[in-house]
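Because only heavy atoms are used, hydrogens play no part in the values below, and waters and symmetry mates are left out as well, while side chains stay in. From a predicted model like this one, the values you see are computed outputs, not experimental measurements.
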Amino acid sequence: MLFYGENHKDIKRINSGNPHIQTIGNLYNALYESWSKETAYRSCQADWNEGDRSYGQCAVTAMIVFDMFGGTIHRIRNNDGSTHYFNKIDGHYFDLTREQFDLHNIPVKYEPNETMDRKYCGRSGDTLSRYKKLMNNLNNYLDSLESSGNAIHEEIVVYEAPAKVEATASGETPNCPNCGKPMIKRSGKFGEFYGCSDFPKCRGTVNI
């Protein structure tokens, strides 16, 4: 799964704009190239990496989806007390940052949820600043397509961030290279790996 709701990736935007973004699938592909450490939620920035690009990007992404495709913005609370934002368009939920959970095999339940006002989502100075940075990244990416004469690619080629530590040759379960806590074998988009047992507080991983 690239994003939750991809079965309806051909939904059209409600306003005119850059011709490279006509569908929500186009937007996802462009955002994937535009997410950065600086556009992630402040507390997520230290752990952000190229292999987990959607990490910490939910609120600013949901705002952009709303601005281009309408619908409503929704919020759920995760088990650790954190919040997660996503969209609903034409009766379908869309979560363009779902991959941050799928990579660690973490389930997400979209109901029950809260419907959030667009103004509320942007009232934080930090969130508004990150939204502007992401829009700037997005526009720069689209400008690069214009200058090169290319179109947004249909398939996402995901960069797999190198693990800081490899699993031991004996097959013993390693401790987290970040915090030292025991690790758990998980299955993600790139196959099996060891993830920190203290996830999401710690996002340490080790290749198998």
Check side-chain contact (heavy atoms from CB on, under 4.5 Å) between Lys133 and all other residues, then give those that pass, not counting sequence neighbours.
-> Glu38, Thr39, Ser129

Using side-chain contact (heavy atoms from CB on, under 4.5 Å) as the criterion, list what pairs up with Ile14, not counting sequence neighbours.
->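 side-chain contact (heavy atoms from CB on, under 4.5 Å) check on Ile14 returns nothing, list empty.
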
Please check if Tyr141 and Leu27 belong to a single hydrophobic cluster, counting links between Ile, Leu, Val, Met, Phe, Trp and Tyr side chain heavy atoms closer than 4.5 Å.
->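 Linked, Tyr141 and Leu27 end up in one cluster.
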
Kindly compute the distance separating [atom1] ([X]) from [atom2] ([Y]), expressed to the nearest 0.5 Å.
X	Y	atom1	atom2	answer
Thr127	Tyr120	OG1	OH	9.0 Å
Arg13	Phe69	CZ	CZ	6.5 Å
Tyr85	Ile73	OH	CD1	9.0 Å
Arg98	Tyr4	CZ	OH	7.0 Å
Met63	Leu134	CE	CG	10.0 Å
His8	Ile89	NE2	CD1	11.0 Å

Write down the atom of [X], the atom of [Y], and the distance for their closest heavy-atom approach.
X	Y	value
Ala40	Trp48	CB-CD1, 4.1 Å
Leu128	Gly122	CB-O, 3.8 Å
Phe3	Asp95	CB-O, 3.4 Å
Pro174	Met183	O-CG, 3.1 Å
Met116	Cys121	CB-SG, 4.0 Å
Ile76	Pro112	CG2-O, 3.6 Å

If only atom types and distance count, is the side chain of [X] paired as donor or acceptor with the main-chain N or O of [Y] below 3.5 Å?
X	Y	value
Asn136	Lys132	no
Ser34	Ala30	yes
Asn26	Thr23	yes
Asn87	Ala62	yes

More than 12 foreign heavy atoms under 6.0 Å from CG of Asn15: is that the case here?
-> yes

Answer yes or no: does atom OH of Tyr41 have more than 12 heavy-atom neighbours from other residues, nucleotides or ligands under 6.0 Å?
-> no

Partners meeting ring pair (Phe, Tyr, Trp, His ring centres under 6.0 Å) with His74 (sequence neighbours left out) |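 Partners of His74 under the ring pair (Phe, Tyr, Trp, His ring centres under 6.0 Å) test: Phe86, Tyr93.
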
Should the pair Phe94 and His92 be assigned to parallel (<30°), tilted (30 to 60°) or perpendicular (>60°) ring geometry?
->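 Perpendicular, since the angle between the ring planes exceeds 60°.
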
Are Asp10 and Ile24 close enough, and set up right, to give a side-chain contact (heavy atoms from CB on, under 4.5 Å), and what steps lead you there?
-> CA-CA 6 Å; Asp10 293 328; Ile24 200 164; over 6 Å; no

Verdict with reasoning, Leu138 to Asn18, per side-chain contact (heavy atoms from CB on, under 4.5 Å) | CA-CA 11 Å; Leu138 181 63; Asn18 190 289; over 6 Å; no

Trace of the side-chain contact (heavy atoms from CB on, under 4.5 Å) decision for Arg42 with Arg130 | CA-CA 9 Å; Arg42 187 175 296 274; Arg130 292 187 296 108; 5.8 Å; no

Looking at residues at least two apart in the chain, or sitting in another chain, which of them share a side-chain hydrogen bond (donor to acceptor under 3.5 Å, both in side chains) with Ser54?
->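 Testing Ser54 for side-chain hydrogen bond (donor to acceptor under 3.5 Å, both in side chains), a comparison that skips the adjacent residues, returns none.
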
So the salt bridge (Lys or Arg N to Asp or Glu O under 4.0 Å) pairs with at least one residue in residues 103-118 (sequence neighbours excluded) are Asp67-Arg118, Arg75-Glu114

After noting the C-alpha distance and the side-chain angles of Thr97 and Leu31, does the key distance pass the side-chain contact (heavy atoms from CB on, under 4.5 Å) rule?
-> CA-CA 10 Å; Thr97 63; Leu31 284 172; over 6 Å; no

Determine whether the aromatic ring centres of His84 and Phe101 lie less than 6.0 Å apart.
-> yes

Considering only heavy atoms from C-beta outward, does the side chain of Cys179 approach that of Cys196 to under 4.5 Å?
-> yes

Do the side chains of Asn78 and Thr83 get nearer than 4.5 Å, heavy atoms only?
-> no

Short N-O contact, Arg53 and Glu99, less than 4.0 angstrom |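 Salt bridge between Arg53 and Glu99, a charged N being under 4.0 Å from a carboxylate O: no.
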
Contacts of Lys181 meeting salt bridge (charged side-chain N to carboxylate O under 4.0 Å, His left out) (sequence neighbours excluded), chain-then-number -> Asp198

Applying the side chain to side chain donor-acceptor pair (under 3.5 Å) test to Trp35, which of Asn137, Thr61, Asp52 qualifies?
-> Thr61

